[in-house]
Number of protein chains: 2
Amino acid sequence: MTNLLPMADEPAPERADAARNRQAILVAALELIRTRGVDCVTMETVASAAGVGKGTLFRRFGSREGLMAAVLNESEAAWQASVISGPPPLGPGAPPMERLLAFGHSRMRTNVTSGALIKAATGDSSARSRAAASFAVMHVRHLLHELRVSGDLVLLSIAILAPLDIMVIEQQQRDHISLDRIEAGWDDLVRRVVGG
Amino acid sequence: MTNLLPMADEPAPERADAARNRQAILVAALELIRTRGVDCVTMETVASAAGVGKGTLFRRFGSREGLMAAVLNESEAAWQASVISGPPPLGPGAPPMERLLAFGHSRMRTNVTSGALIKAATGDSSARSRAAASFAVMHVRHLLHELRVSGDLVLLSIAILAPLDIMVIEQQQRDHISLDRIEAGWDDLVRRVVGG
DNA sequence: AATGAAAACGGACCGCGGTCCGTTTCGCCT
DNA sequence: AGGCGAAACGGACCGCGGTCCGTTTTCATT
């Protein structure tokens, strides 16, 4: 007999070799990205560096985009943790407005810093962008609520977050707009949206 | 003797065969896109449909993205014309606020309609997105100025335009948010930014 | 320990975007 | 006209993302 407690639907009883390979792939990918830069890392390179076949990469991660998303996830999770339970003003404990501004600044700088990886992980319908965006919207919506903002908070959150997108930021940088100015502009936007 | 009036730096004295081929390519590409959909149009297909070699495509347009941008440009130019000199409320003649709202609605619907082509034409550092975005920012900035909005108008324009981006819109549609709701949310955003 | 089926593996294979370079065409100038 | 340098052409070629399917590994059961 198996499975004394057939708990709900456990997503995936992953086989041992699969787990081992997955870890090896992620480690190899991270290292290669660090040394060569995202754009110079090919799936075949990662595969041979991890000591697996190319097919395995695609089996586990679906696409190059998926692999990059998995790599990105590790740092992203840490960032989300610091938003949820880190020190103020990013984490809880500061007034909502300060938290909101800190959140935007942090998100913006993070986007710039790991822009290449984020772009490599963000495609047309990437599962990654759904999850990441969802978290950000959730958080901003919550802060707007605490600030007693009224209206369609989900849409306002999306509107507030949109200018922080890497593509948008990079476009502005190409036009010689400094990060500080972008940041100040975003603060202004937020104050207008929140009102008062 | 040539060139009696050596006007500034004319960009490119294009050769006759080059012009002919360029036209043939654009026509063929447009037709193929219409019938098969953007994603099923390969460079080789376009080349043979236009009766030229693949190398010619890349010579004239630099990349697939560039070709798509050129195709998109034709409709985009028409749209820009209707903004600049078409009937109100999109064109001149209506009060600035009405024009601004009409502009956003029109841009949003256009983005949704030709989303696939826009995405195919918009890459990491596409010349296209620079030009198109530049026009939009210019126009919104102008309207904000007429509305007596104070602040960093360029950044405010960018912030207002960001939520209209196809990627953002499609993300919301995936989350089952209707276009009407998105539109209403955007109107709300604009009113908050403009103030009063 | 033996066994058998499900799951994972891996590398040959494909299609497409993009490059390269020898060949062809154009159009200016005598 | 016809010759000449520059520009455009075109298709063979390359690298990479992604797929496919025959082979190997794992692990639950006996």
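These numbers come from a predicted model, not from an experiment. By convention in this document, chain letters (A, B, ...) are assigned in the order of the sequence lines, proteins followed by strands, and residues within each chain are numbered from 1.
Residue pairs satisfying the salt bridge (Lys or Arg N to Asp or Glu O under 4.0 Å) criterion with at least one member in residues 70-92 of chain B, sequence neighbours excluded, are listed as follows: B:E76-B:R107, B:E76-B:R128. Residue pairs meeting the ring pair (Phe, Tyr, Trp, His ring centres under 6.0 Å) criterion with at least one member in residues 69-107 of chain B, sequence neighbours excluded: B:W79-B:F103, B:F103-B:H139. Every pair tested for ring pair (Phe, Tyr, Trp, His ring centres under 6.0 Å) that includes a residue from residues 175-196 of chain B fails, sequence neighbours excluded, so the list is empty.
Between A:F61 atom CZ and D:dT19 atom C1' there is a gap of 18 Å when expressed in whole angstrom units. Atom CD1 of A:I25 and atom C1' of C:dC9 are 11 Å apart (whole Å).
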Would you tabulate the nitrogen or oxygen pairs shorter than 3.5 Å linking the protein to nucleotides 15-18 of chain C?
from   : atom 1 : to    : atom 2 : distance (Å)
C:dG17 : OP1    : B:R64 : NH1    : 3.3
C:dG17 : OP2    : B:M43 : N      : 3.0
C:dG17 : N7     : B:K54 : NZ     : 3.3
C:dG18 : OP2    : B:R64 : N      : 2.8
C:dG18 : N7     : B:K54 : NZ     : 3.4
C:dG18 : O6     : B:K54 : NZ     : 2.5

Please produce a list of atom pairs where a protein N or O lies less than 3.5 Å from an N or O of nucleotides 5-8 of chain D.
from  : atom 1 : to    : atom 2 : distance (Å)
D:dA7 : N3     : B:R15 : NH1    : 3.0
D:dA8 : O4'    : B:R15 : NH2    : 3.4

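Residues B:M43 and B:L57 come closest through the heavy atom pair O-CD1, 3.2 Å.
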For residues 58-71 of chain A, which side-chain N or O atoms pair as donor and acceptor with protein atoms under 3.5 Å away, sequence neighbours left out?
from  : atom 1 : to     : atom 2 : distance (Å)
A:R60 : NH2    : A:E14  : OE2    : 2.3
A:S63 : OG     : A:E65  : N      : 3.4
A:S63 : OG     : A:G66  : N      : 3.0
A:R64 : NH1    : A:V41  : O      : 2.5
A:R64 : NH2    : A:V38  : O      : 3.3
A:E65 : OE2    : A:G123 : N      : 3.2

Donor-acceptor pairs under 3.5 angstrom involving side-chain atoms of residues 149-173 of chain B: please list them, not counting sequence neighbours.
from   : atom 1 : to     : atom 2 : distance (Å)
B:D152 : OD1    : A:R181 : NH2    : 3.1
B:D152 : OD1    : B:L155 : N      : 3.4
B:D152 : OD2    : A:R181 : NE     : 2.7
B:D152 : OD2    : A:R181 : NH2    : 3.4
B:S157 : OG     : B:R141 : N      : 3.3
B:S157 : OG     : B:L153 : O      : 2.7
B:D165 : OD1    : B:M167 : N      : 2.8
B:E170 : OE1    : B:K119 : NZ     : 2.7
B:Q171 : OE1    : B:R174 : NH1    : 2.9
B:Q172 : NE2    : B:V168 : O      : 3.3

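Every residue two or more places apart in sequence or in another chain was checked for a side-chain hydrogen bond (donor to acceptor under 3.5 Å, both in side chains) with A:D39, and none qualifies. With sequence neighbours left out, A:R130 forms a salt bridge (charged side-chain N to carboxylate O under 4.0 Å, His left out) with B:D175.
Listed pair A:R20 / D:dT26 meets the phosphate criterion, a side-chain N or O lying under 4.0 Å from OP1 or OP2.
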